[in-house]
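Here the structure is laid out as structure tokens; the discussion comes afterwards.
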Protein chains: 2
Amino acid sequence: MAIVVIRQDDKIDDWKEALQLYAPQIAVYDYREEHPREAVKMAVVWKHPPGSLQGYPNLECISSSGAGVDFLFEDDRLPKHLPITRVVDEYLSKDMSEHVIALIFSLLKNLYHYKVDQFNKIWKPVGYKRISDLTIGIMGLGALGSVLAKDLVRFGFKVRGWSSSEKNIQGVETFTGPAGRTAFLEATQILVCLLPLTDDTKGILNAGLFRQLPKGAYLINVARGGHLVDGDLLEMLDNGHLSGAALDVYHQEPLSLEHPFWEHPKVHMTPHYASVSETISVVPQIVENYRRLASGEELLNLVSEDKKY
Amino acid sequence: MAIVVIRQDDKIDDWKEALQLYAPQIAVYDYREEHPREAVKMAVVWKHPPGSLQGYPNLECISSSGAGVDFLFEDDRLPKHLPITRVVDEYLSKDMSEHVIALIFSLLKNLYHYKVDQFNKIWKPVGYKRISDLTIGIMGLGALGSVLAKDLVRFGFKVRGWSSSEKNIQGVETFTGPAGRTAFLEATQILVCLLPLTDDTKGILNAGLFRQLPKGAYLINVARGGHLVDGDLLEMLDNGHLSGAALDVYHQEPLSLEHPFWEHPKVHMTPHYASVSETISVVPQIVENYRRLASGEELLNLVSEDKKY
């Protein structure tokens with residue numbers, strides 16, 4: 001009975017340590033070390049090397065250690081028909097919400113603009129916007145999007161939301177499905193993408209969608225790089241239809257230094273940091289699922305193999 | 001019966017137009033044009049040339065067209081014993097509050113840091129802070145400070161406030177007078193200055209005060225440049241006691257291009273824009289005071305000649 005941790009960043013030791021601290025009774029292995037593969041019942045993974053989940057004959061559950069699971073479905077050697085769980089973390093939702101709110105305030109008050117002016121020693125007050133001037137549209141009203149929507153309502157923003165299934169959030173004007181999308185977009189001044197990445201949503205942020213936004217709209221993509229058609233965004237920024245974009249996620253991470261986003265004056269980049277799952281807040285739910293696995297109870301935060309989120 | 005508009009920026013025409021639109025029955029003059037000086041009962045002023053308020057034999061009221069009045073008391077040829085009014089504007093308070101909130105969120109999430117990294121094509125996620133991690137201390141709980149305090153409480157920040165007279169704001173831990181100042185400062189992580197500029201508060205942001213803040217504290221000065229001892233701030237940033245500062249106001253505006261603030265990596269500048277009084281929202285209360293002047297009623301938003309705010 002053991003857990004294997006599989007990921008390609010430098011955080012394997014952090015995860016091993018956090019799991020062992022919280023649940024000393026469970027054996028935890030680094031996938032790169034010699035370990036008894038038949039003992040492993042659960043794999044705790046994040047952007048694992050494709051194929052690395054093979055060769056565990058008694059694997060019963062794959063546990064993503066973040067909110068996203070899209071990387072799992074990109075592995076065509078993923079063991080079939082195993083339950084997949086993801087992390088639903090209050091901190092994760094709050095952190096994401098605070099990141100998006102920071103970006104929105106920064107935009108209202110032109111803080112990026114002034115930082116560049118300071119760099120160039122330019123003193124030039126420009127106009128600003130108020131909370132009451134803006135309508136924020138959120139695509140995706142799941143665990144992350146719904147927390148953001150509620151926070152923005154509390155702060156006094158006008159908020160609308162779009163999701164594949166019908167949602168009801170107090171103070172939020174909600175829209176559903178393809179039919180509701182046009183109406184959702186036409187009054188959205190700041191579009192926030194918090195959708196899961198699936199076959200249906202890949203490339204959803206494209207020229208056709210951007211054209212449905214009012215002129216001067218602003219894009220915030222904090223979901224996945226795969227949602228965005230990069231060339232369409234650049235085109236819409238350069239022809240003035242969109243006024244700017246704040247991006248935290250990219251097709252390739254770290255983003256190639258040759259990519260035009262780096263130097264584009266209307267693109268504000270952060271290096272995929274908006275809500276990093278932290279071991280300390282996430283480990284308890286992973287260990288709880290390990291316990292449920294052993295006792296045959298239903299797992300928390302199961303991912304639907306059909307919907308892929 | 002007339003109003004004269006006296007200011008040195010390029011907004012005299014805006015103010016004349018706004019006043020005449022709102023109150024066509026009142027004659028409004030630009031102080032630079034030929035005008036019947038004995039007809040003038042009210043001067044609507046902002047940073048007027050010193051001495052320019054002399055020579056109005058029937059002047060009954062000096063109306064600052066902003067929240068500040070310190071510039072009036074710097075004019076030693078100011079006509080004595082005339083009532084002085086200032087602007088108390090809901091927009092002004094909200095705009096200031098939104099500016100400070102934008103700065104705080106930007107700091108939480110290192111947005112300025114990432115903007116500089118983008119400029120240098122550096123991909124390097126760094127840690128971030130949460131709303132729940134921070135205690136904000138506001139110096140000055142008047143019209144501006146109290147709105148900010150309430151907004152920050154609503155957003156979930158821990159908030160403390162310091163003012164010369166005792167204040168009571170729900171959810172805010174308040175401190176009063178010199179005796180309360182040490183206790184106020186010692187747990188303040190982000191210090192926001194929203195004090196009026198008076199003889200008592202000139203230079204209040206100095207090394208002695210900074211030393212009472214915990215190591216790593218951050219300064220936001222959005223009140224007046226005169227509150228800050230520039231050299232003391234630079235010393236405390238350079239010796240690492242303070243982690244940074246966001247400044248909107250300066251001793252000299254625009255700030256001289258030779259000033260070290262421009263190039264200091266821990267100083268984030270905005271060009272005194274945080275809450276620009278806008279004619280449209282301010283004119284009604286000025287015209288109301290003009291009417292009260294004529295009918296002998298008590299004026300709104302009178303400035304105390306003793307307290308100078």
Side-chain angles (χ1 to χ4, degrees), chain A residues 9 91 94-95 97-132 151 154-156 246-248 250 253-259 261-264 267-276 278, chain B residues 91 94-95 97-133 151 154-156 246-248 250 253-259 261-264 267-276 278:
Chain A
D9 57 18
Y91 272 119
K94 289 306 284 181
D95 287 357
S97 174
E98 291 179 11
H99 172 66
V100 175
I101 289 167
L103 291 171
I104 292 173
F105 270 103
S106 169
L107 174 63
L108 280 182
K109 295 296 193 174
N110 298 301
L111 295 189
Y112 281 136
H113 175 93
Y114 288 125
K115 190 72 213 166
V116 173
D117 273 3
Q118 179 181 356
F119 188 84
N120 294 316
K121 296 199 176 180
I122 292 171
W123 177 286
K124 191 175 188 310
V126 292
Y128 52 80
K129 291 204 177 64
R130 300 188 165 110
I131 288 178
S132 53
D151 282 349
R154 201 168 68 248
F155 293 8
L247 307 176
D248 190 53
Y250 309 87
E253 295 177 2
L255 187 65
S256 154
L257 297 181
E258 315 306 318
H259 199 289
F261 286 163
W262 285 103
E263 295 189 12
H264 200 288
V267 173
H268 303 295
M269 290 173 55
T270 47
H272 199 165
Y273 90 107
S275 70
V276 174
E278 285 186 59
Chain B
Y91 272 118
K94 289 307 284 182
D95 287 357
S97 174
E98 291 179 11
H99 173 66
V100 174
I101 290 167
L103 291 171
I104 292 173
F105 271 103
S106 169
L107 173 64
L108 281 181
K109 294 298 193 174
N110 300 299
L111 294 189
Y112 281 136
H113 175 94
Y114 288 126
K115 189 71 214 166
V116 174
D117 274 3
Q118 180 181 354
F119 187 84
N120 294 316
K121 295 196 176 181
I122 293 170
W123 176 286
K124 189 174 188 313
V126 292
Y128 52 81
K129 292 205 175 64
R130 299 187 167 112
I131 288 178
S132 53
D133 293 334
D151 281 349
R154 200 168 69 247
F155 293 8
L247 307 176
D248 189 52
Y250 310 87
E253 296 177 0
L255 188 65
S256 153
L257 297 182
E258 314 306 318
H259 198 290
F261 286 164
W262 284 104
E263 293 188 12
H264 200 288
V267 173
H268 303 295
M269 290 173 56
T270 47
H272 198 166
Y273 90 107
S275 69
V276 174
E278 285 187 58

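Quick note on labels: first sequence line is chain A, next is B, and so on, each numbered from 1.
Between A:Tyr273 and B:Tyr114, the two ring planes are tilted [angle within 30° to 60°]. Using cut-offs of 30° and 60° for the angle between ring planes, the A:Phe105 and B:Phe105 rings count as parallel.
For the pair B:Lys109 and A:Ala274, the tightest heavy-atom approach, listed with the atom from each and the gap, is NZ-O, 4.0 Å. Of all heavy-atom pairs spanning B:Ser106 and A:Leu111, the tightest one is CB-CD1, 4.0 Å. A pairwise comparison of heavy atoms in A:Arg154 and B:Phe155 identifies NH2-O, 4.4 Å as the closest pair. Shown here for A:Lys129 and B:Glu98, the closest heavy-atom pair between the two residues is O-OE1, 4.2 Å. Listed here is the closest heavy atom pair of A:His268 and B:Lys115: ND1-NZ, 2.7 Å.
At a 4.5 Å heavy-atom cutoff, B:His113 makes no contact with chain A through either its backbone or its side chain. There is no contact between A:Ile104 and chain B, counting heavy-atom distances below 4.5 Å. B:Lys94 does not touch chain A: none of its heavy atoms, backbone or side chain, sits under 4.5 Å away. Contacts between B:Leu255 and chain A at a heavy-atom distance below 4.5 Å involve backbone atoms as well as side-chain atoms. Neither the backbone nor the side chain of B:Ala246 has a heavy atom closer than 4.5 Å to any heavy atom of chain A. With a 4.5 Å cut-off on non-hydrogen atoms, B:Asp151 does not touch chain A at all. Using a 4.5 Å cut-off between heavy atoms, B:Ile122 contacts chain A through its backbone alone, with no side-chain atom that close. For B:His259, no part lies near chain A; criterion is any non-hydrogen pair under 4.5 Å. With a threshold of 4.5 angstrom between heavy atoms, B:Phe261 approaches chain A through N, CA, C or O but not through any side-chain atom.
Interatomic distance, NE2 of B:His99 versus CG of A:Leu108, reported as 12.5 Å (0.5 Å rounding). For the atom pair CH2 of B:Trp262 and CZ of A:Phe119, the computed distance is 13.0 Å after rounding to the nearest 0.5 Å.
Remark: B:Asp95 pairs with A:Arg130 by the salt bridge (Lys or Arg N to Asp or Glu O under 4.0 Å) rule, at least two apart or across chains.
Between chain A and the residues B:Pro271, B:Ala102, B:Ser132, the most heavy-atom pairs under 4.5 angstrom are made by B:Pro271.
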